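Please read these numbers as outputs of a predicted model, since none were measured by experiment. Labels below follow one simple rule: chain letters A, B, ... track the order of the sequence lines, proteins then strands, and each chain is numbered from 1.
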Protein chains: 2
Amino acid sequence: MDAIEIKQWTSDSVAADLERAIHEHRLPPATKLGEDELGDAYGISRTTVRAALHALSHRRLVELKRNRGAFVAQPSVREAREVFEARSLLEPRTARSAAERMTDIELARLRENIEDEHAALDASEDGRALFLSGQFHLEIARIADQSTIEAFISELISRSSLIIALYWRRRAALCETQAHHALLDAFERRDGDAAEQLMKSHLLDLVASLDLRNVAQPATSLREALQR
Amino acid sequence: MDAIEIKQWTSDSVAADLERAIHEHRLPPATKLGEDELGDAYGISRTTVRAALHALSHRRLVELKRNRGAFVAQPSVREAREVFEARSLLEPRTARSAAERMTDIELARLRENIEDEHAALDASEDGRALFLSGQFHLEIARIADQSTIEAFISELISRSSLIIALYWRRRAALCETQAHHALLDAFERRDGDAAEQLMKSHLLDLVASLDLRNVAQPATSLREALQR
DNA sequence: GTCGCCAGTTTTGTGTACAATCTTGCGCAC
DNA sequence: GTGCGCAAGATTGTACACAAAACTGGCGAC
């Protein structure tokens with residue numbers, strides 16, 4: 001079947017694999033992540049799975065319930081607002097720094113990223129497109145050369161993916177890549193002011209495209225909905 | 001001796017205990033944290049110790065070296081700059097929010113915090129004073145009611161403590177509480193603009209009071225210094 | 001008929017044992 | 001005398017086994 005048996009999984013690589021699966025919406029919010037189940041799937045012991053699950057819980061991608069198990073997180077409306085509030089504090093300034101110190105090679109990588117995203121969208125690979133969209137933002141933080149801020153943004157992007165899974169209202173599928181194109185233009189001009197401003201409004205647009213009225217609760221799995 | 005035997009330590013509480021010890025400089029940078037050693041100290045197995053150590057490594061307070069062990073982290077000069085860069089992006093705006101929504105009760109708690117810090121300084125309990133100083137910043141984030149940003153700031157504050165341990169140059173011992181007093185005044189007036197501005201310059205002052213010339217490397221333990 | 005209690009089953013939490021890896025010290029060759 | 005290599009010791013990484021807790025189902029009493 002798969003080449004799973006070939007690779008030697010470590011707790012880190014398992015965590016990365018799960019994070020990507022969550023990011024691509026292959027593991028939707030509230031999915032139960034049983035330790036035995038995962039151990040069998042990856043061919044590793046529960047000990048290693050536990051380490052990976054704990055790592056993801058520190059990034060708020062997985063919720064650990066004592067004696068209940070691990071579940072893909074379901075960010076609340078409040079948490080959703082907070083995540084984008086944090087992003088709006090970090091990313092615009094980071095985009096400015098990136099614009100001011102970007103090399104042609106880095107610019108080319110960003111351009112490539114956008115093209116891949118387009119290709120994924122054309123192939124209706126929504127999950128992959130969403131992941132690449134996140135990679136675009138992450139790449140900008142990487143170019144800004146601030147690894148600490150980059151780590152925060154990385155976490156926020158992954159969490160944003162969960163938020164999108166829960167609260168996205170189909171509307172603007174294109175505006176996403178549109179905004180990224182605009183940012184790329186600013187980067188090409190090494191225009192820090194424009195990049196900061198564009199990132200700011202891009203994030204605002206993202207929040208606007210979500211349905212964050214507390215009326216519609218996460219619509220989670222059965223009992224979870226009633227425990228609230 | 002101690003009441004350690006009474007308490008039932010969990011991985012979380014052990015992590016919190018270690019974090020506080022690090023924050024108060026009872027565990028200086030580069031201290032080796034052996035698993036057996038810690039297990040004996042807390043009366044728990046290595047399994048639980050490992051979970052705590054991993055948690056702290058996610059917050060960049062301890063560095064895990066494969067097959068080598070866990071050590072209290074030694075932030076590089078570069079990392080030090082990054083941490084304060086991140087703080088300067090997050091904390092000023094957070095202070096503004098806090099100022100605008102602060103209640104009298106919260107104000108009183110902050111005042112109390114400053115008094116405790118004064119008392120600790122008078123008693124020459126430097127570690128405790130440093131911890132309380134961090135708590136002041138953390139309390140502000142809590143008042144701003146943004147738990148996501150609060151979590152980031154909490155991590156940055158703890159890491160700042162390590163940075164101070166490594167790079168502090170004795171100079172302004174008082175300016176710290178001075179700045180906190182000024183912030184408190186702004187909070188009393190619910191003056192968001194002033195709070196944001198004061199926090200911004202407070203953080204700049206902090207960086208200025210560090211010796212971040214790359215000349216003087218961490219001055220770590222023997223071999224560590226040479227591996228760089 | 002409904003509510004409450006109790007036991008069975010499943011899943012996580014913790015402790016222990018073994019394997020892999022790295023460090024350290026000695027010995028041998030050049 | 002110096003440098004390399006190998007073996008012994010120590011420490012972490014992983015797997016396994018047991019204990020604790022929570023959910024599920026059924027039985028019995030009111």
Side-chain angles (χ1 to χ4, degrees), chain A residues 4-18 27 30-74 220-228, chain B residues 4-18 27 30-74 220-228:
Chain A
I4 285 180
E5 298 301 330
I6 295 172
K7 173 161 186 177
Q8 188 70 356
W9 291 98
T10 70
S11 71
D12 285 341
S13 65
V14 169
D17 197 62
L18 285 174
L27 292 174
T31 303
K32 163 128 200 196
L33 301 172
E35 297 184 353
D36 275 320
E37 204 174 350
L38 289 172
D40 291 343
Y42 288 105
I44 53 179
S45 80
R46 277 182 49 219
T47 307
T48 308
V49 172
R50 280 180 72 78
L53 253 28
H54 275 270
L56 290 175
S57 82
H58 289 301
R59 308 196 75 192
R60 314 273 186 138
L61 293 180
V62 163
E63 195 176 347
L64 256 46
K65 302 188 181 178
R66 187 177 175 84
N67 293 319
R68 293 276 314 274
F71 303 82
V72 178
Q74 308 175 75
T220 157
S221 67
L222 343 144
R223 71 185 314 148
E224 295 292 332
L226 306 174
Q227 283 184 350
R228 313 209 164 194
Chain B
I4 284 182
E5 298 302 331
I6 295 172
K7 174 161 186 178
Q8 186 72 355
W9 292 98
T10 69
S11 71
D12 285 342
S13 65
V14 169
D17 196 62
L18 285 174
L27 291 174
T31 303
K32 162 123 200 203
L33 302 171
E35 297 184 353
D36 276 321
E37 205 176 348
L38 288 173
D40 291 344
Y42 286 105
I44 53 180
S45 80
R46 276 181 51 217
T47 308
T48 309
V49 172
R50 280 180 72 78
L53 252 29
H54 275 270
L56 290 175
S57 83
H58 288 301
R59 308 196 75 193
R60 313 273 185 136
L61 293 181
V62 312
E63 195 175 347
L64 257 44
K65 302 186 181 179
R66 187 176 176 86
N67 292 319
R68 292 275 314 275
F71 303 83
V72 178
Q74 309 176 75
T220 159
S221 66
L222 341 145
R223 72 187 312 148
E224 295 291 332
L226 305 175
Q227 283 185 350
R228 312 208 164 196

| Rounded to whole angstrom units, what separation is found between the NZ atom of B:K65 and the C1' atom of D:dG13? | 18 Å
| message | Go nucleotide by nucleotide along DNA chain C from the 5' end; which of A:E35 and B:S45 gets its closest nucleotide reached first? | response | A:E35
| query | Do you know which two heavy atoms are closest between B:L64 and B:L53, and how far apart they sit? | reply | CD1-O, 4.2 Å
| Nucleotide D:dC16, atom C1' - distance to CD1 of A:I44 in whole Å | 15 Å
| Starting at NE2 of B:H54 and ending at C1' of C:dG13, how long is that distance when rounded to a whole Å? | 16 Å
| query | Can you tell me how far C1' of C:dT9 sits from CG of A:N67, to the nearest Å? | reply | 15 Å
| field | Interatomic distance where CG belongs to B:D12 and C1' belongs to C:dT14 [whole Å] | value | 14 Å
| Heavy atoms under 4.0 Å, any strand shown: does A:R46 hit a base, just sugar-phosphate, or nothing? | base
| said: Can you classify the ring geometry of B:Y42 versus B:W9 as parallel (below 30°), tilted (30 to 60°) or perpendicular (above 60°)? | reply: perpendicular
| request: Rounded off to whole Å, could you give me the CG-to-P distance for the A:L53 and C:dT11 pair? | output: 15 Å
| message | For A:R60, is the CZ atom crowded, meaning more than 12 foreign heavy atoms sit under 6.0 Å from it? | response | no
| request: Measure the distance from CG on B:L38 to P on D:dT11 and round it to the nearest whole Å. | output: 13 Å
| remark: On a heavy-atom basis, the closest approach of B:L33 and B:L27 is CD2-CD1, 4.2 Å
| said: Within the 4.0 Å heavy-atom criterion, would you say B:T47 contacts the bases, only the backbone, or no part of the nucleic acid? | reply: base
| Euclidean distance, atom CZ of residue B:R50 to atom P of D:dA15 [Å, nearest integer] | 12 Å
| message | How close do A:A52 and A:S11 get, counting heavy atoms only, and between which atoms? | response | CB-O, 3.5 Å
| request: Would you tell me if any nitrogen or oxygen in the side chain of B:T48 comes within less than 4.0 Å of OP1 or OP2 on C:dG15? | output: yes
| message | Can you tell me which nucleotide in D:dA22, D:dA15, C:dG15 comes closest to the side chain of A:R68? | response | D:dA22
| Nearest listed nucleotide, side chain of A:R66, among C:dT14, D:dT12, D:dA15 | C:dT14
